[in-house]
Structures are given as structure tokens and as C-alpha cells.
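Quick caveat, the model's predicted, so the values are computed rather than measured.
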Amino acid sequence: MNAYFSDLGASDLLRSILELLSPADLARAACVCRLWRELASDRELVELAFRKPWKVQRVLGSPSSTGFWRYTGLDRFAISHCLVRGDTVAGLAVKYSVQVIEIKRLNNMMSEHGIHSRERLLIPISDPELLHNSTCFIELDDHAKREVAVLYLEGNPNGISVLPAQRGSRKLIDSLKRSLQVDDGTAAYYLSISNGDPRNAIRRFAEDLRWEQQGGRN
């Protein structure tokens, strides 16, 4: 038994095993010893456990608490809907196939009149397939008073499309994807915000990654 346990001390083997665990089991594994804690607390590993049940490709941003990763319910995710004239809570409920009360609860709204003071609403996700191969952004919504992984169906927080570009940009995205070891959506996003400059995209990705590793501290 001790021999088997010693084998688990090899970080590569241990990491492969930890990748199979749920967020709750990762938290338990982190209590075993220092080596296990270091691996089980790795951002890439806990993010993988968080997004795996919903087949999300990437989650960008860092939560205010590491406890965010431990619960993987569908209500950890939400769609961002930019409000336009004529929008009503009832109309959005029909559009997204959810209940009015669910939208109000998610957005911390006492009444439907609260819609007029906001630029956007968070919409509960009723169809998990919307999350497949998606890129989500961890955000703390000031109105909703909650932190969620937000899905932008049309663009990202800066209004720039996160969908892979076509034709000539395809080669750039593939090259950038290999360099950064990320998915199509993330590669396309950084290429978009860098005006098509791969070097600038790599620099900006490195800056964001460094910020995440530092826990979001300046």
C-alpha cells in the first residue's frame, strides 16, 4: 500500500488523477499534504473541473474567492443581454425560454420597473448546450450583487466578437492557438483586441495570464 502511495507522489501521475476529480473532491484532495495542495489548487486544474460538466472551452477572469470554483451548478453561468428600448422582463423570459421570476431573482430585482435603471440583464441559462465550446467571463454584476461566469452570445465585454474569424484570419488564429495553447474562441478574442497583430495578442494574453496568477492584484 505504501509503495502505491509513494507512486502518487509523482506530480505528473498525481495531476492526471486529480484532473478526473470534481471541484468538491479537489478541495478535499488539497487537505492531504503540501504537494497535493499545490496541484489541487492550480488555476488550470480547478478551472478544468469547473467547466468540464458543461463542456465550456475557456473561462476568462479570476473570481473574488477561490470558493467560486467549487460549485458547478448551471446557475453559476448566465447570458448577458444588453437592454434596448422596448425590452421587458416578460418579453425576455419568452425569448430565452425562462421564467420571469428566475430573471428577477438572478438580477436582484424586486419589480420589473428595475429594468429601466440598467444597461443589461443577466439571463438564466435554460439550455446547457449554449455553453458547449464557449468562452465565458467571470464578472461581479453590481446590480445583481452576484458573481457569475457570463456568456456573451454576440461578442464579449468589450463588444468584440469572440467567434473565430474566417478566410485569411484562419491561419493567424490557428497559429496563435498553437502558440498560446488555447481554444479558437480565446485565440480569436486576443487577435481581435490586438487589431490582428499576433505579437500584440501574445503580449496581451501574457499580461492577462500574469494578472490571473497574481490573483487579480495590481
Side-chain angles (χ1 to χ4, degrees), residues 1-80 102 105-108 122-152 156-157 162 180-183 185-186 189 205-218:
M1 180 66 181
N2 290 335
Y4 288 117
F5 190 82
S6 298
D7 288 340
L8 291 179
S11 59
D12 289 343
L13 175 60
L14 178 57
R15 185 181 181 88
S16 297
I17 295 174
L18 294 179
E19 287 179 351
L20 304 175
L21 300 183
S22 67
D25 288 335
L26 274 179
R28 297 187 186 97
C31 299
V32 173
C33 64
R34 184 168 62 181
L35 173 62
W36 285 44
R37 182 172 64 252
E38 290 176 354
L39 291 176
S41 302
D42 179 72
R43 160 62 192 251
E44 182 179 348
L45 205 152
V46 296
E47 180 194 316
L48 173 63
F50 176 81
R51 56 187 172 82
K52 186 188 301 182
W54 309 110
K55 301 179 182 179
V56 175
Q57 276 199 355
R58 186 79 167 104
V59 177
L60 298 180
S62 297
S64 59
S65 169
T66 55
F68 177 90
W69 303 111
R70 295 177 186 172
Y71 176 65
T72 59
L74 189 59
D75 56 349
R76 267 288 197 246
F77 299 86
I79 295 169
S80 178
E102 293 176 338
R105 184 184 297 119
L106 179 58
N107 290 276
N108 195 30
L122 295 176
I123 307 296
I125 294 179
S126 60
D127 181 6
E129 289 191 5
L130 288 175
L131 293 172
H132 291 186
N133 302 316
S134 67
T135 296
C136 296
F137 301 80
I138 296 177
E139 299 178 8
L140 176 62
D141 189 276
D142 292 335
H143 287 289
K145 307 297 184 185
R146 70 177 68 232
E147 198 166 36
V148 291
V150 180
L151 172 65
Y152 287 80
N156 62 41
V162 297
L180 302 181
Q181 296 185 346
V182 297
D183 57 85
T186 303
Y189 165 64
F205 176 82
E207 290 175 351
D208 286 352
L209 186 62
R210 191 179 307 113
W211 184 85
E212 286 185 3
Q213 291 171 343
Q214 294 172 350
R217 296 187 297 272
N218 292 326

### Query
Does a side-chain heavy-atom distance below 4.5 Å link Leu14 with Leu35?
yes
#### Entry: Flag side-chain contact, heavy atom, 4.5 Å: Val59 against Phe68
no
#### Entry: Approximate separation, where rounding is to 0.5 Å, of Leu21 CG and Leu26 CG
5.0 Å
### Query
Do any pairs count as a salt bridge (Lys or Arg N to Asp or Glu O under 4.0 Å) and have a residue in residues 134-145, sequence neighbours left out, and if so which ones?
Arg120-Glu139, Arg120-Asp141
### Message
For Cys31, give me all partners under side chain to side chain contact (heavy atoms under 4.5 Å, CB included), at least two apart in sequence or on another chain.
### Response
none
### Query
Between Ile125 and Trp54, is any pair of side-chain heavy atoms under 4.5 Å apart?
no
## Note on the structure
In Pro128, Pro124, Cys136, the residue satisfying side chain to side chain contact (heavy atoms under 4.5 Å, CB included) with Phe77 is Cys136
### Summary
The salt bridge (charged side-chain N to carboxylate O under 4.0 Å, His left out) partners of Arg51 (sequence neighbours excluded) come to Glu47
#### Entry: Heavy-atom closest contact (Leu151 atom, Leu130 atom, distance)
CD2-O, 3.7 Å
### Query
Where do Ser41 and Ala30 come nearest, in terms of heavy atoms and distance?
OG-CB, 4.4 Å
## Note on the structure
Taken in chain and number order and not counting sequence neighbours, the residues that satisfy side chain to side chain donor-acceptor pair (under 3.5 Å) with Asp127 are none
#### Entry: Spatial distance of atom CG (Leu45) from atom CH2 (Trp69) [nearest 0.5 Å]
11.5 Å
### Task
Determine the minimum heavy-atom distance between Val56 and Ser134, stating which atoms define it.
CG1-O, 3.5 Å
### Message
Among residues at least two apart in sequence or on other chains, which ones pass side chain to side chain donor-acceptor pair (under 3.5 Å) with Glu147?
### Response
Ser64
### Query
Taking only residues two or more places apart in sequence or in another chain, which ones pass side chain to side chain contact (heavy atoms under 4.5 Å, CB included) with Arg70?
Ala27
### Summary
Here the pair of heavy atoms bringing Asp75 nearest to Val148 is O-CG1, 4.2 Å
### Task
Verify side chain to side chain contact (heavy atoms under 4.5 Å, CB included) between Thr66 and Val46, making sure each step is shown before the conclusion.
CA-CA 9 Å; Thr66 55; Val46 296; over 6 Å; no
### Message
More than 12 heavy atoms of other residues, nucleotides or ligands under 6.0 Å from NZ of Lys52: yes or no?
### Response
yes
## Note on the structure
Those residues at least two apart in sequence (or on a different chain) that pass salt bridge (charged side-chain N to carboxylate O under 4.0 Å, His left out) with Glu19 are Arg15
### Message
Is there a side-chain contact between Leu131 and Leu74 in this structure, where contact means two heavy atoms from C-beta onward sitting under 4.5 Å apart?
### Response
yes
#### Entry: Closest non-hydrogen atom pair, Leu18 against Ala40
CD1-N, 3.9 Å
### Query
Tell me the salt bridge (Lys or Arg N to Asp or Glu O under 4.0 Å) pairs involving residues 26-37, sequence neighbours left out?
Asp25-Arg28
### Message
Under the rule for side chain to side chain contact (heavy atoms under 4.5 Å, CB included), what residues qualify as partners of Pro53, not counting sequence neighbours?
### Response
Thr72
### Task
Compare all side-chain heavy atoms of Ser62 with those of Arg43 and state whether any distance is below 4.5 angstrom.
yes
### Arg76 side chain near Phe50 side chain, heavy-atom distance below 4.5 Å
yes
